[in-house]
Amino acid sequence: MSILIDKDTKLLVQGMTGREGSFHTQTMIDYGTNVVAGVTPGKGGTELMGVPVFNTVKEAVEKTGANASVVFVPAKFTPASVCEAVDAGVPVVMTISEHTPVHEMMKCYYIAREKGTRLFGPNSFGVISPGKCKAGFMPHKYFIEGNVGVMSRSATNCYETVMMMSQEGIGQSTCVGIGGDMIPGSTFIDLLPDFEEDEETEAIVMIGEIGGSEEELAAEYIKKYVTKPVIALIAGKNAPKGKNMGHAGAIVSADGTGSAQSKESALLDAGAYIAESTSHIVELLKKIL
């Protein structure tokens, strides 16, 4: 099993005919993902890489039965693309671009929740269930099938962790890019029930970072409802207060809110294992599994 996407996923790519969209669509097809449609307004009726292109998401869903979308469009067009996918009834939507306007993303967040769409990103690397389906731009050669669920706000930290896991023969059930922007469509607490219920997942890795309260909220849920071991890494311990560190959402407030210390304290209290580095995550997994 896996969560969100699997071998039965019918993926559509919004912005498929653009430079990034076409490149990564080819890598997803090569991986074995069932890419059934592309959407680029004005290019409907054409084909690219043997995949039909439609003018609208609604038409693509009606003609192909697409049940997931990955959005490869510039940040300023992301909100409209997300709303179009949600209105068309796509159940899982992943947004790639960074720095989507915050006020627009707030609208997308609530619209998606109201319609029941699982929205990931902005600034997400996508979702991959190794050996089953890849929806995004992650370097899939580092991922292998296994029993550890991974969710991360950082793409690079996730890749590094997964590479070291795979080198030790520790595979992944599903890896999810939460996204590093200030208003993500989904957070850790949204994914914890999925991993808890997934029979294939035996342990959960949560790669967080400074800023926001996602990790503290996840800690509350873990304490009450999660029975599987959780290993957490909080990146950005040495970041100065009030200064963004890479991601738009990675900022410690002047009053200390969003600090690594507060997050680690909450997670420790919830019974999670705290990793000091990506390599330490692998060391802990080897002891736990």
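We number each residue from 1, following the sequence as shown. The shown structure was predicted, so the numbers you read here are calculated from the model rather than taken from an experiment.
Here the CD1 atom belonging to Ile128 is positioned 11.5 Å from the OG atom belonging to Ser173, to the nearest 0.5 angstrom. One finds the OG1 atom of Thr201 at 10.0 Å from the CD atom of Glu196 (value rounded to the nearest 0.5 Å). A distance of 7.0 Å separates NZ in Lys286 from CD1 in Ile170, rounded to the nearest 0.5 Å. Separation of atoms CG (Asp6) and CG (Asn34) is listed at 11.0 Å; rounding is to 0.5 Å. Put simply, CE on Met164 and CD on Glu168 are 9.5 Å apart, with the number rounded to the nearest 0.5 Å. Taking CZ of Arg153 as the start and CD1 of Ile178 as the end, the distance is 9.0 Å to the nearest 0.5 Å.
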Output, in order, the C-alpha distance, side-chain angles, deciding distance and verdict of side chain to side chain contact (heavy atoms under 4.5 Å, CB included) for Asp194 and Thr174.
CA-CA 10 Å; Asp194 297 309; Thr174 303; over 6 Å; no
Under the side chain to side chain contact (heavy atoms under 4.5 Å, CB included) rule, what do Met105 and Asp181 come out as? Steps first, then yes or no, please.
CA-CA 10 Å; Met105 192 57 212; Asp181 272 15; over 6 Å; no
Should Asp87 and Lys115 be marked as a side chain to side chain contact (heavy atoms under 4.5 Å, CB included) after you check the CA-CA gap, both sets of side-chain angles, and the distance that decides it?
CA-CA 8 Å; Asp87 287 342; Lys115 296 293 183 68; 3.4 Å; yes
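Transitive grouping of hydrophobic side chains (ILVMFWY, heavy atoms separated by less than 4.5 Å) brings Ile204 and Phe125 into a common cluster. Residues Leu289 and Val282 fall within the same hydrophobic cluster, defined by Ile, Leu, Val, Met, Phe, Trp and Tyr side chains chained together at heavy-atom separations under 4.5 Å. Clustering ILVMFWY residues whenever any of their side-chain heavy atoms sit less than 4.5 angstrom apart, transitively, puts Ile144 in a cluster other than the one holding Val127. Residues Ile234 and Tyr221 fall within the same hydrophobic cluster, defined by Ile, Leu, Val, Met, Phe, Trp and Tyr side chains chained together at heavy-atom separations under 4.5 Å. In terms of hydrophobic clustering, with Ile, Leu, Val, Met, Phe, Trp and Tyr side chains grouped at heavy-atom distances under 4.5 Å, Phe77 and Val86 are assigned to a common cluster.
With a 4.5 Å cut-off on side-chain heavy atoms, Arg118 and Leu191 count as touching. Between Val150 and Thr161 the shortest side-chain heavy-atom distance does not fall below 4.5 Å. The shortest side-chain heavy-atom distance between Phe120 and Leu4 falls under the 4.5 Å cut-off. Thr9 places a side-chain heavy atom less than 4.5 Å from the side chain of Asn67. For the pair Asp190/Arg113, a side-chain contact is recorded, criterion being any heavy-atom separation below 4.5 Å from C-beta on. In this structure, the side chains of Ser97 and Pro74 stay at 4.5 Å or more apart for every pair of heavy atoms. Between Val162 and Met138 the shortest side-chain heavy-atom distance does not fall below 4.5 Å. The closest side-chain heavy-atom distance from Phe72 to Val13 is below 4.5 Å.
Contact check on Asp198 versus Lys228 returns no salt bridge, with no Lys/Arg side-chain nitrogen under 4.0 Å from an Asp/Glu carboxylate oxygen.
The minimum heavy-atom distance linking Ile3 with Ser129 is given by the pair O-OG, 3.8 Å. The minimum heavy-atom distance between Gly65 and Lys10, with the atom names listed, is O-CD, 3.6 Å. Contact record, Ala266 with Glu216: CB-CG, 4.2 Å, taken as the closest heavy-atom pair. Taking each heavy atom of Val36 and Ala66 in turn, the nearest pair found is CG2-CB, 3.9 Å. Between Cys133 and Thr33, the closest heavy-atom pair is SG-CG2, 3.7 Å. Annotation for Ser154 and Glu209: closest pair CB-OE1, 4.2 Å, computed over non-hydrogen atoms.
A side-chain donor-acceptor contact under 3.5 Å links Asn55 to the backbone of Gly44. With hydrogens and angles disregarded, a donor-acceptor distance shorter than 3.5 Å links the side chain of Gln14 to the backbone of Ser81. Of the possible polar contacts, none joining the Ser69 side chain to the Val93 backbone as a donor-acceptor pair under 3.5 Å is found. The main-chain N or O of Gly179 is never found under 3.5 Å from a side-chain atom of Asn123 such that the two would form a donor-acceptor pair.
Looking at Ser262 and Glu215, their side chains never bring a donor and an acceptor atom within 3.5 Å of each other. Neither side chain, Thr95 nor Thr78, offers a donor N or O lying under 3.5 Å from an acceptor on the other. Side-chain atoms of Thr187 and Glu214 include no donor-acceptor pair closer than 3.5 Å.
Between Phe137 and His24, the ring planes lie tilted relative to each other; the angle falls in the 30° to 60° range. Relative orientation of the His140 and Tyr31 rings is tilted, given thresholds of 30° and 60° on the angle between their planes.
For CE of Met106, the number of neighbouring non-hydrogen atoms (other residues, nucleotides, ligands) closer than 6.0 Å is 12 at most.
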